[in-house]
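As the structure is a computational prediction, the values presented were derived from the model and not from experiment. To find a chain, count down the sequence lines: A is the first, B the second, and so on, and within it residues start at 1.
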Protein chains: 2
Amino acid sequence: MANMAYDTPEMDAGARLKAARLRPTRQRLELARLLFREHDRHVTAESLAEEGARMGVKVSLATVYNTLHQFKAAGLLRQVVVDASRTYFDTNVGDHQHFFVENEGLLIDIPGEEISVSGVPNPPQGLTIDSVDVVVRVKRN
Amino acid sequence: MANMAYDTPEMDAGARLKAARLRPTRQRLELARLLFREHDRHVTAESLAEEGARMGVKVSLATVYNTLHQFKAAGLLRQVVVDASRTYFDTNVGDHQHFFVENEGLLIDIPGEEISVSGVPNPPQGLTIDSVDVVVRVKRN
DNA sequence: ACGCAAATTGGAACAATTCTAATCTATGAG
DNA sequence: CTCATAGATTAGAATTGTTCCAATTTGCGT
């Protein structure tokens, strides 16, 4: 297959890790399989560790934390800051934003084509924009 | 002075607490004075406690936390979620957004008139929008 | 001035995350 | 293929920000 994108959803865990220059250890492979099995997943370290446990994946919590951060650094995951008490990671690294359901800790994607932010001023001297994150906080009626 | 707004920057600490129906205890008064002395302040519980200590205000950390949350509940402060590890409070409760300088924990206001978000889809059935928060993450060059 | 609900407090408890030092493993060299 | 080694994993300790708790203090209406 010529011209495969750097990171596609169809890519298997091994290829993903290779593309990210991460050693394909058993733990990373198994976590990658869990994470990218489905599109647009939102996980926390705890939720992923739990899921792993349920699926019979033997990984320590420390490794889950390490792996999430490495995947993030490699561009395989995006970190989403919505809650002061937990960190979420999103398997969708493309342009998009989120609804966040308060009191439930639930994230829902908003496609990047739908939403748009305009009028962002130039940042003060010496600063460069890294990302523009929108969180639409919603509540259950 | 007729027609004073519910919450103006000129308002003294006592009036502010009265308007918010919070008992004017020494601690609340002193913290309110620190907080609203200047416009558009961004504090964390720790930073405010530290500032209090420096200014000779005797308040426990627990009270700082309590007070910040009560002020928030009363609409005197807005909570800003930008960092997974600390909670910030903003004395500007009007419509505006933020630059967040990563690695420095520094918040900078973006006036609400400058920035705007469009195309926010209707939230899924049963959910109502609470707020639309924009964080422009920036890095020092 | 009294009485009581509300507020404050120090310290214990907690939850999420990071650190540490020991052990294990993927990988490239020979 | 075998080895040496840098890199990865691990359990558990440590750290950090925050909340909880039970005892004491305080604001305020009567």
Side-chain angles (χ1 to χ4, degrees), chain A residues 13-34 42-53 56-74 76-77 79-89 102-103 105 107, chain B residues 13-34 42-53 56-74 76-77 79-89 102-103 105 107:
Chain A
R16 230 173 248 281
L17 293 183
K18 176 175 282 183
R21 291 221 181 65
L22 291 168
R23 278 203 201 175
T25 63
R26 174 180 58 76
Q27 291 84 336
R28 295 212 268 231
L29 282 165
E30 298 185 323
L31 290 176
R33 270 183 224 115
L34 284 183
H42 302 112
V43 304
T44 63
E46 295 282 351
S47 83
L48 182 59
E50 206 180 291
E51 181 179 356
V57 173
K58 208 183 140 285
V59 201
S60 72
L61 185 56
T63 297
V64 172
Y65 274 101
N66 289 339
T67 302
L68 286 172
H69 284 124
Q70 292 153 354
F71 281 13
K72 177 202 168 185
L76 262 39
L77 291 176
Q79 188 166 11
V80 184
V81 180
V82 281
D83 186 317
S85 70
R86 343 165 104 50
T87 299
Y88 288 82
F89 290 89
E102 313 261 19
N103 319 327
L107 280 170
Chain B
R16 230 174 248 280
L17 292 184
K18 174 175 284 182
R21 290 221 182 65
L22 290 168
R23 277 204 202 172
T25 64
R26 174 180 60 75
Q27 291 83 338
R28 297 213 266 230
L29 282 165
E30 298 185 322
L31 290 177
R33 269 184 224 115
L34 285 182
H42 303 109
V43 305
T44 63
E46 295 282 353
S47 83
L48 182 59
E50 204 179 293
E51 182 180 353
V57 174
K58 207 181 143 286
V59 200
S60 72
L61 186 55
T63 298
V64 172
Y65 275 101
N66 290 339
T67 302
L68 286 173
H69 285 125
Q70 292 153 354
F71 282 13
K72 176 201 168 183
L76 263 37
L77 291 176
Q79 188 166 10
V80 184
V81 181
V82 281
D83 187 316
S85 70
R86 326 165 119 51
T87 299
Y88 288 81
F89 290 89
E102 312 260 21
N103 318 325
L107 279 170

Which of Val82(B), Val81(B), Asp83(B) passes side-chain contact (heavy atoms from CB on, under 4.5 Å) with Val81(A)? It is Val81(B)
How many angstroms lie between atom OG1 of Thr87(A) and atom NZ of Lys72(A), to the nearest 0.5 angstrom?
8.5 Å
Which pair of non-hydrogen atoms, one from Val64(A) and one from Ala45(A), has the smallest distance, and what is that distance?
CG1-O, 3.6 Å
Can you measure Glu46(B) atom CD to dT19(D) atom P for me and round it to whole angstrom units?
12 Å
Partners of Glu102(A) by salt bridge (charged side-chain N to carboxylate O under 4.0 Å, His left out), sequence neighbours excluded?
Arg137(A)
Quickly work out the Arg21(B) CZ to dA6(C) C1' distance and round it to whole Å.
16 Å
Measure the distance from OH on Tyr88(A) to C1' on dT17(C) and round it to the nearest whole Å.
15 Å
Answer yes or no: does a side-chain N or O of Tyr65(B) lie under 4.0 Å from OP1 or OP2 of dT19(D)?
no
Please state how far atom CG in Leu29(A) lies from atom P in dA8(D), giving the value in whole angstrom units.
13 Å
Closest heavy-atom contact between Arg28(A) and Phe71(A)?
O-CZ, 3.9 Å
Length of the line joining Leu17(A):CG and dT27(C):C1', which is rounded to integer Å:
15 Å
Atom pair CG (Leu31(A)) and CG (Leu17(A)), whose distance is rounded to the nearest 0.5 Å:
9.5 Å
Among dA16(C), dT27(C), dG17(D), which is the nearest nucleotide to the side chain of Pro24(A)?
dT27(C)
Got a second to check how far Leu77(A)'s CG is from Leu48(A)'s CG, nearest 0.5 Å?
9.0 Å
One should read off an interatomic distance between Tyr65(B) OH and Glu46(B) CD, to the nearest 0.5 angstrom, of 5.0 Å
Using a cut-off of strictly less than 4.0 Å, decide whether His69(A) has a side-chain nitrogen or oxygen near OP1 or OP2 of dT17(C).
no
Expressed as a whole number of angstroms, how long is the span from Leu68(A):CG to dA8(D):C1'?
15 Å
Terminal axes of the helix from dA1(C)-dT30(D) to dG30(C)-dC1(D) (5 end pairs apiece), angle rounded to 10 degrees, sit apart by 30°
From CG of Leu48(B) over to C1' of dT18(D), roughly how many Å is that when rounded to an integer?
15 Å
If I take atom NZ from residue Lys58(B) and atom CD from residue Glu30(B), how far apart are they, to the nearest 0.5 angstrom?
10.0 Å
Tabulate protein N/O versus nucleotide N/O from nucleotides 9-11 of chain D, keeping only pairs under 3.5 Å, one per line.
| residue | atom | partner | partner atom | Å |
| --- | --- | --- | --- | --- |
| dT9(D) | OP1 | Thr25(A) | OG1 | 2.5 |
| dT9(D) | O3' | Gln27(A) | NE2 | 2.6 |
| dT10(D) | OP1 | Gln27(A) | NE2 | 3.2 |
| dT10(D) | OP2 | Ser60(A) | N | 2.9 |
| dT10(D) | OP2 | Ser60(A) | OG | 3.1 |
| dT10(D) | OP2 | Thr63(A) | OG1 | 2.6 |

Nearest whole angstrom, please: distance from the C1' of dT8(C) to the CD of Glu30(B).
13 Å
So Thr87(B), base contact, sugar-phosphate only, or nothing? Heavy-atom distance under 4.0 Å.
sugar-phosphate
